[in-house]
Amino acid sequence: MDNGIGLYIHIPFCKKKCYYCDFNSYPGMDHLAGSYFNALKNEMGIMSEGLKDRPVKTVFIGGGTPSLVDPGYISELLEDCSRLFNLGSDAEISMECNPGTLSFEKLRIYRQAGINRLSIGLQAWQDRLLESLGRIHRRQQFTDNLESAYKAGFTNINADLIFGLPGQTFEDWSETLDAVTSHFMDKRITHLSCYSLQIEEGTVFGDKYETGALIPADDELDRKMYGYTVEFLAGKGYRHYEISNFALPGYECRHNLIYWRAEEYASFGAGAHSYLNGKRYGNTAGIEEYIGAVKRFEERTRDIGDKAGCRNEEGYYPVPTDTGLDTGLLDTGPTDTGFDTGLHEDIQYIGRRESMSEFMILGLRLIKGVSSEEFRQRYGVRLQEVFGEKLETLVRKGLLVREETSCRVPADSNNEAKEPSPRFTFTDDVHYRLSALGLDLANKVFVEFI
Amino acid sequence: MSGRQDKIRNFCIIAHIDHGKSTLADRLIQKTGVLTAREMQEQVLDTMDIERERGITIKAQAVRMVYKANDGQEYVYNLIDTPGHVDFNYEVSRSLAACEGAVLVVDAAQGIEAQTLANVYLALDHNLEIMPVINKIDLPSAQPEHVKKEIEDVIGLDCSEAPQISAKNGINIEAVLEQIGKVVPPPHGDEDAPLKALIFDSFYDSYKGVIVHIRVMEGSVRTGDTIRMMYTKKEFVATEVGYFRPGQYSPCDGLLAGDVGYICASIKNVRDTRVGDTVTLADRPAKEPLPGYKKVQSMVFCGIYPADGAKYGDLRDALEKLQLNDAALLFEPETSVALGFGFRCGFLGLLHMEIIQERLEREFDLDLVTTAPSVIYKLTLTDGQVIDIDNPTNMPPVTSIEKMEEPIVKATIMTPIEYVGSIMELSQERRGIYKDMSYLDETRVILTYELPLNEIIYDFFDALKSRTRGYASLDYELIGYKESELVKLDIVLNSEIVDALSFIVHTEKAYTRARRIAEKLKDAIPRQQFEIPIQACIGGKIIARETVKAFRKDVLAKCYGGDITRKKKLLEKQKEGKRRMRQVGSVEVPQEAFMSVLKLDE
């Protein structure tokens with residue numbers, strides 16, 4: 001496992017709350033954008049010391065609607081990122097956007113700022129469905145924006161889609177897939193995220209579902225749509241690489257792969273979650289709470305910096321986030337050091353066993369599944385030893401497929417033979433992956449590894 | 001009668017549930033200065049937690065008080081506490097046999113209720129002098145005069161001297177103490193005759209062994225005597241003899257006729273000291289034991305299995321420990337194809353069963369699966385044999401059964417008039433035969449029904465309560481066996497019979513029961529990877545069926561950075577749900593399904 005990380009930055013502003021959305025997003029708070037981006041800058045500055053040795057492989061700006069705010073904020077944000085962190089020259093830098101909030105001018109600025117991947121929330125191809133979802137755009141805006149994006153030089157583009165929607169027919173869905181995979185301006189959308197609708201508590205859909213006013217697509221139809229998606233997209237050259245994600249070869253989302261490989265990532269912004277130095281935690285979710293917490297932290301670190309006579313270039317006392325010292329400074333609640341910024345919550349230390357469990361429940365989301373060789377390299381013990389029985393039971397139940405494969409490993413470095421020796425050899429490997437049935441009932445598989 | 005005996009009063013307190021029996025006991029103890037107010041824990045005689053929680057007395061215990069009466073004399077008052085619930089009638093009767101008088105407590109707001117009467121009749125059967133006391137006069141709805149008249153009319157007791165008290169507030173307790181001295185007769189008994197002492201309770205103490213609670217009827221017993229139990233024929237040496245103070249034992253040299261106290265004799269097993277047995281001396285035994293001894297008889301049975309098969313040993317140990325102090329609890333090993341290894345347990349009644357289940361879960365931290373309660377059926381086979389079966393799975397093939405009989409009880413239900421129709425409907429539904437209805441007063445009636453025991457052992461009481469908004473009360477006693485058309489209902493899940501779900505039902509009810517159970521199981525069993533047919537059968541013939549559809553989708557579509565912690569929590573919850581599942585053949589069935597499926601009156 002390399003030492004690299006991903007960065008995630010959350011922009012919680014929205015024009016309107018879509019009916020299915022349970023993300024950390026807020027309409028009508030745009031006036032706080034200035035303070036919010038300032039807080040982001042400070043948060044990143046505070047964490048930068050502890051992350052200076054970690055190469056940053058990907059950056060993802062998500063939301064809410066990042067494309068809603070003044071593009072200048074985004075430019076500045078990325079400038080700060082490259083200054084504060086170890087950004088690789090070929091880092092994947094993605095941004096989420098909404099049709100209806102984009103323009104050629106904005107896209108040009110994003111391109112210039114370094115964004116090299118766009119993720120557009122299309123959700124549905126049919127206007128009547130877009131309306132029923134509470135989306136602010138219609139199909140026309142999507143196609144207009146797509147054109148502008150290509151013109152602005154973007155080639156790596158993802159569209160988000162939802163199936164299993166109330167009132168959505170199978171034909172609606174197949175029409176959608178057909179449309180988004182066809183050529184437009186000689187180019188094709190390079191990545192598709194196709195999500196089965198999840199009705200969440202506290203959303204408009206959730207409330208309607210509880211009163212019986214909303215009837216979701218029945219399981220049979222939902223699975224039929226999913227099965228069709230996998231087949232259809234394969235026929236169009238898209239690789240199914242994760243339960244809900246499909247990409248033309250080479251266009252898999254590197255940022256999300258970090259999540260599924262249980263690798264580490266640092267996140268900034270309200271409600272953003274991180275996994276750093278073996279610790280998972282979340283930032284406080286409310287925009288004002290977040291801004292307040294960062295301010296508190298910033299004041300205290302300047303204070304310490306003053307007293308310690310020690311500041312980094314940014315003017316902060318450099319908090320080494322890799323020693324756990326940050327725990328005292330950032331967590332909710334009083335700590336040994338007497339600080340109480342309320343920035344970090346829900347803290348969970350991931351021990352070895354928990355890490356193995358995560359490796360499985362996240363790794364099995366990838367269509368290629370998990371490899372026993374990877375497991376061994378990471379944990380020094382064989383997969384079969386730890387989970388052997390469970391894996392066999394799941395294979396027996398038809399939920400997992402076991403495949404003997406082989407993989408390349410570096411050859412014995414102690415080899416001092418005079419003749420040219422191979423730098424790699426092949427070793428036996430075993431892959432376990434979800435079967436077609438397993439894709440439908442994945443939770444039944446994951447629960448075994450908890 | 002000796003001068004000593006003249007100053008003794010042995011009495012108990014009888015009442016309907018919640019009329020204030022235990023509170024009055026507290027106050028009497030407090031008034032006679034046996035404990036300081038600070039030492040008093042509410043309702044000191046109910047020492048078990050569950051008892052305290054449920055507000056009921058399970059173990060009978062006794063307390064000796066010394067009361068200085070208005071006449072200047074000191075009296076020894078032995079208060080023997082009695083269980084208040086119909087399940088424990090035998091224990092109640094033995095406690096009564098140890099007394100000469102009974103203080104009858106009646107709630108001034110509620111008046112006479114089902115168990116008031118039941119207890120009074122029991123006390124009269126033992127020739128006790130009954131002293132009425134009107135309690136809860138502090139309540140705004142109290143009508144002491146009305147209640148006194150009710151008692152006089154219905155029971156025929158003179159209430160002109162009945163103290164009107166509030167035990168809760170300590171009002172007029174003195175009057176009760178005085179009355180006891182006047183109304184309750186002193187004990188008799190020849191102190192020099194051969195020893196005859198009635199065992200009315202026993203308690204296992206981890207240091208002293210079994211402590212036998214006795215009322216000496218004749219003769220005397222001293223430390224060092226070799227005693228003999230006349231029914232169990234066991235002999236022991238009395239290592240300690242004494243009487244009770246609240247919460248502690250007070251040793252003395254000896255107990256004489258008329259005394260209430262205890263004997264310790266290094267007795268290891270509470271089953272060696274049967275309630276109702278007579279203690280005598282080995283070297284000078286009495287000719288006849290005291291009357292009224294009855295072997296303990298279980299009325300209700302169920303299967304108790306550990307949810308985790310590995311805990312079988314723990315369950316067995318727990319049952320053994322409970323049995324130390326509960327001679328009425330019976331159990332023996334049993335196996336079920338569905339549930340594995342467990343025990344068939346016998347109880348005095350439903351309450352007894354519930355209490356044991358709760359104690360097993362709480363005191364011993366055991367996760368249990370219990371099967372539906374069952375009664376003892378008498379089967380006459382074609383070859384003439386008569387067998388008893390308490391477990392449906394032991395029922396022999398129909399063709400070999402000549403005749404089946406089921407236990408019948410006489411149920412006395414007291415209810416306000418407006419619910420009579422509903423109760424009659426309920427009783428009829430449960431194959432009850434109407435016997436009598438009499439008016440207690442203008443607002444309440446007593447209904448008497450003969451009902452099959454198996455119809456009331458599960459939720460009859462709850463149904464009664466819910467149909468009458470809690471106002472009805474129930475008393476029942478076994479009156480014998482009656483021939484009946486009974487069949488065994490089997491439940492088949494995914495083509496396999498689940499033996500733990502089988503039960504015996506009357507032919508009349510078979511179809512409706514079968515349909516209801518199939519429906520309930522369909523709701524209780526979660527969807528699984530395959531379709532699950534549920535069938536209810538009698539003798540292989542399917543009489544009801546339902547299907548649990550297969551699960552098609554159980555997947556989280558999105559899982560990104562912010563979702564991971566939440567997803568893990570979700571999976572943990574799913575895993576927790578799995579833990580309560582029992583693998584029954586190929587089907588996962590939640591533990592609760594085994595019992596809850598039979599909740600029928602809804």
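Since the structure is predicted, the reported quantities are computational estimates derived from the model, not experimental observations. Per chain, numbering begins at 1; letters A, B, ... match sequence-line order.
Heavy atoms closer than 4.5 Å to chain B are found in the side chain of A:Leu362, but not in its backbone. Residue A:Ile258: no heavy atom, backbone or side chain, is found under 4.5 Å from chain B. Neither the backbone nor the side chain of A:Asp218 comes within contact range of chain B; no heavy atom of the residue lies under 4.5 Å from a heavy atom of that chain. Using a 4.5 Å cut-off between heavy atoms, A:Ile350 contacts chain B through its side chain alone, with no backbone atom that close. The part of A:Asp22 that comes within reach of chain B is its side chain, from C-beta onward, which places non-hydrogen atoms under 4.5 angstrom from that chain. Both the backbone and the side chain of A:Leu441 come within contact range of chain B, judged by heavy atoms closer than 4.5 Å. Interface residue B:Ile564: only side-chain heavy atoms are found under 4.5 Å from chain A. For B:Lys549, no part sits under 4.5 Å from any heavy atom of chain A, backbone or side chain.
Electrostatic pairing of A:Asp219 and B:Lys553 does not count as a salt bridge here, judged by no charged N lying under 4.0 Å from a carboxylate O. With respect to the salt-bridge test (charged N to carboxylate O, under 4.0 angstrom), the residues B:Glu363 and B:Lys321 do not qualify. Checked for salt-bridge contact, B:Asp563 and B:Arg566 meet the test: a charged N lies under 4.0 Å from a carboxylate O.
When A:Phe23, A:Trp260, A:Tyr275, A:Tyr265 are each tested for a ring-ring contact (aromatic ring centres under 6.0 Å, His included) with B:Tyr560, only one passes: A:Trp260.
Taking chain B as the reference chain and counting heavy-atom pairs below 4.5 Å, the highest number among A:Glu220, A:Glu448, A:His10 is found for A:Glu220. Between chain B and the residues A:Phe60, A:Tyr226, A:Tyr259, the largest count of heavy-atom pairs under 4.5 Å involves A:Tyr259. Note: A:Arg365 leads A:Arg280, A:Arg365, A:Gln198 in heavy-atom pairs under 4.5 Å with chain B.
Taking both residues in full, the closest heavy atoms of A:Thr203 and A:Cys21 are given as CG2-O, 3.2 Å, listed atom of the first, atom of the second, then distance.
By the 6.0 Å and 45° rule, A:Lys279 stacks over the aromatic ring of A:Tyr281. The cationic group of A:Lys224 lies under 6.0 Å from the six-membered ring centre of A:Phe170 and within 45° of the ring axis, placing it in a cation-pi geometry.
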Q | Derivation and outcome, side-chain hydrogen bond (donor to acceptor under 3.5 Å, both in side chains), residues B:Glu334 and B:Tyr305 | A | CA-CA 9 Å; B:Glu334 163 178 282; B:Tyr305 292 78; 2.7 Å; yes
Q. Please walk me through it: do A:Glu252 and A:Arg261 pass salt bridge (charged side-chain N to carboxylate O under 4.0 Å, His left out)?
A. CA-CA 13 Å; A:Glu252 293 83 2; A:Arg261 292 192 171 127; over 6 Å; no
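Two rings, from A:His191 and A:Tyr241, have their centers less than 6.0 Å apart.
Contact residues of residues 352-361 of chain A toward chain B are A:Glu354, A:Glu358, A:Ile361 (heavy-atom distance under 4.5 Å).
For the residue pair B:Asn494 and B:Ser586, a side-chain donor N or O sits within less than 3.5 Å of a side-chain acceptor on the partner.
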